[in-house]
Protein chains: 2
Amino acid sequence: MDASSPSSSNESPWLPFESRRRARDEKREAVLRTAVALFLEQGYHRATLNEVAKRLNITKPALYNYFRGKDEILYECWSIGNELVDDCIAETSAAGGSGLDKLRKLIVRYAELMTEDYGKSLVRFDIRDLSEDNRKIVQTAKRRIDRAFRDYIAQGVKDGSVKPCDPKLAAFAIAGSLNWIGHWFQPGGEMTGRAVAEEFAIRLTEGIATSPTRKKADKPPRKGNASREETSEHHPRAAAGAAGQSKRARGRLR
Amino acid sequence: MDASSPSSSNESPWLPFESRRRARDEKREAVLRTAVALFLEQGYHRATLNEVAKRLNITKPALYNYFRGKDEILYECWSIGNELVDDCIAETSAAGGSGLDKLRKLIVRYAELMTEDYGKSLVRFDIRDLSEDNRKIVQTAKRRIDRAFRDYIAQGVKDGSVKPCDPKLAAFAIAGSLNWIGHWFQPGGEMTGRAVAEEFAIRLTEGIATSPTRKKADKPPRKGNASREETSEHHPRAAAGAAGQSKRARGRLR
DNA sequence: ACTATTTATTACCCATGGGTAATATACGGG
DNA sequence: CCCGTATATTACCCATGGGTAATAAATAGT
């Protein structure tokens with residue numbers, strides 16, 4: 001343990017009593033990284049700003065230099081996740097292919113997102129904890145995500161890559177599976193996020209695809225029970241850092 | 001509106017200032033019905049015991065005649081839902097058939113449960129709000145539910161009704177879809193709970209079934225967008241009563 | 001009717017934690 | 001070196017809401 005190491009992956013820019021000259025945005029993001037982890041770990045209501053501050057080696061009021069309040073922090077966390085999803089959708093839509101191709105691509109990306117903190121925040125945070133305004137924004141964004149799934153499915157039905165089905169219900173089923181990943185996945189388990197994502201992309205589309213699914217060597221059913229017991233039903237602790245991405249500058253105060 | 005009607009579906013046994021002689025268990029259950037609805041509607045932390053009491057025409061301390069505290073009420077709500085699931089599993093296991101048959105049966109029942117209050121409580125309530133002891137019980141129960149799904153799938157793979165696949169991941173995918181129903185379904189929408197359940201049973205198994213799925217006249221893709229806009233992403237308000245079932249007598253006080 | 005028991009009410013307590021005010025410290029520029 | 005600005009700290013405030021104590025009203029039994 002070297003306490004003076006410059007800056008490992010997920011560390012606080014506020015070193016105990018020292019160099020505090022980092023750029024403002026870096027600190028903002030550090031707050032969000034810490035907050036999202038804590039909110040996921042303990043749940044928004046049990047998590048306190050005091051604890052967030054403590055993990056950053058600062059005190060609660062300092063947080064108010066960067067955010068208006070707890071609910072705004074929550075919103076910003078969600079917002080980062082949302083940008084990541086938007087990127088997924090944009091890329092997926094840009095890349096050509098059949099409806100099914102796009103659907104698969106989106107599933108892979110979205111699934112992997114669900115294994116990261118900011119992705120989880122999209123499905124684990126309660127919209128009702130937000131301010132009226134932010135809640136509206138979130139709801140609109142969620143509709144847009146839903147539409148992406150539905151559109152790809154509908155498009156697939158049209159171009160023949162997807163069996164005739166109700167796009168709405170199919171989207172519900174698929175998105176449900178994916179969103180649930182955000183509740184049970186924890187890094188360090190049997191499978192990596194990427195592996196889960198790819199497996200789900202196959203599993204979730206082989207029911208509605210017109211052509212047979214599997215590509216690579218047909219994966220045989222796996223044995224072996226994990227050491228850390230997971231369940232499709234519950235949400236365990238969470239931790240682990242997530243992607244950073246810095247195209248944000250909204251919400252400057254003063 | 002006849003205020004003196006004896007006892008409609010979801011009403012308080014405590015009539016404003018009057019007849020208070022109902023059996024204890026009936027009152028207990030009335031508290032739970034009200035609580036589960038409110039917890040779903042507002043979220044556990046935003047919901048207050050004062051509000052629960054108010055909806056029952058009583059005051060907060062009266063609730064403590066029936067429960068030790070808020071978290072115990074939460075647990076009891078969950079517990080009722082769990083009993084309902086247990087019944088599903090028991091019935092499904094009792095009825096014979098291939099692994100796939102059982103899986104489908106369980107999906108239908110479980111899905112429909114997810115459209116009811118007590119069912120939703122299984123997936124919407126946060127385990128971390130419970131006492132240490134109750135949390136353990138819940139976790140165990142969740143593992144049991146997960147096992148049922150996995151076992152049916154594994155059995156299906158063995159008896160040839162289900163394509164070779166990893167039962168664990170398949171169970172995750174299916175349970176995820178189903179659990180998510182508890183987040184988006186609201187009665188009064190386009191489809192009834194039963195309809196959703198049956199549709200999901202087909203959709204979720206047609207990917208892993210060995211034989212072609214659909215039974216009745218092949219349902220054509222449906223058009224028509226609902227008046228009340230749903231999304232695969234968010235959780236709306238909730239209300240509606242759920243099944244009662246009264247095989248409970250645990251937790252008597254004093 | 002009188003009493004015991006159950007069940008409700010009114011009036012509190014108080015821990016928690018979000019948020020603020022006043023103030024101190026660091027930093028960058030002239 | 002001094003001053004303005006940004007950023008942090010200490011010391012508070014106070015609304016909320018779970019939980020309790022003391023007490024009153026209803027009910028059942030004899």
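What you are looking at is a predicted structure, and each value in this text was computed from that prediction instead of being measured. In the text below, chain A, chain B and the rest are named by the order of the sequence lines, each starting its count at 1.
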Sorted by chain and number, sequence neighbours left out, salt bridge (Lys or Arg N to Asp or Glu O under 4.0 Å) with A/Asp71 holds for none
(request) Give the ring-plane orientation class for A/Phe172 versus B/Trp184, where under 30° counts as parallel, over 60° as perpendicular and anything between as tilted. (result) parallel
Whole-Å distance separating the [atom1] atom of [X] from the [atom2] atom of [N]:
X: A/Ile58; N: D/dT10; atom1: CD1; atom2: P; result: 12 Å
X: B/Leu56; N: C/dT9; atom1: CG; atom2: P; result: 11 Å
X: B/Asn65; N: C/dT6; atom1: CG; atom2: C1'; result: 8 Å
X: B/Asp25; N: C/dT7; atom1: CG; atom2: P; result: 10 Å
X: A/Lys27; N: D/dA6; atom1: NZ; atom2: P; result: 13 Å

Taken to the nearest 0.5 Å, the spacing of A/Arg68 CZ from A/Ile73 CD1 works out to 12.5 Å
Checklist entry - Can you find a side-chain donor-acceptor pair between B/Asp126 and B/His45 that sits under 3.5 Å? => result no
Atom pairs, protein N/O to nucleotides 17-20 of chain C N/O, distance under 3.5 Å:
from   : atom 1 : to      : atom 2 : distance (Å)
C/dG18 : OP1    : A/Ala47 : O      : 3.4
C/dG18 : OP1    : A/Lys70 : NZ     : 2.9
C/dG18 : OP2    : A/Leu49 : N      : 3.0
C/dG18 : N7     : A/Lys60 : NZ     : 2.8
C/dG19 : OP2    : A/Tyr64 : OH     : 2.9
C/dG19 : OP2    : A/Lys70 : N      : 2.8
C/dG19 : O5'    : A/Tyr64 : OH     : 3.3
C/dG19 : N7     : A/Lys60 : NZ     : 3.0
C/dG19 : O6     : A/Lys60 : NZ     : 2.7

query = Where the side chain of A/Arg124 meets the backbone of A/Phe39, is there a donor-acceptor pair that is under 3.5 Å apart?
reply = no
Ignoring backbone atoms, test whether [X] places a side-chain nitrogen or oxygen under 4.0 Å from the OP1 or OP2 oxygen of [N].
X: A/Arg24; N: D/dT7; value: yes
X: B/Tyr66; N: C/dA8; value: yes
X: A/Thr59; N: D/dA8; value: no

Within the supplied structure, the quantity of interest is the number of heavy atoms (other residues, nucleotides, ligands) at a distance under 6.0 Å from A/Arg194 CZ; does it exceed 12? no
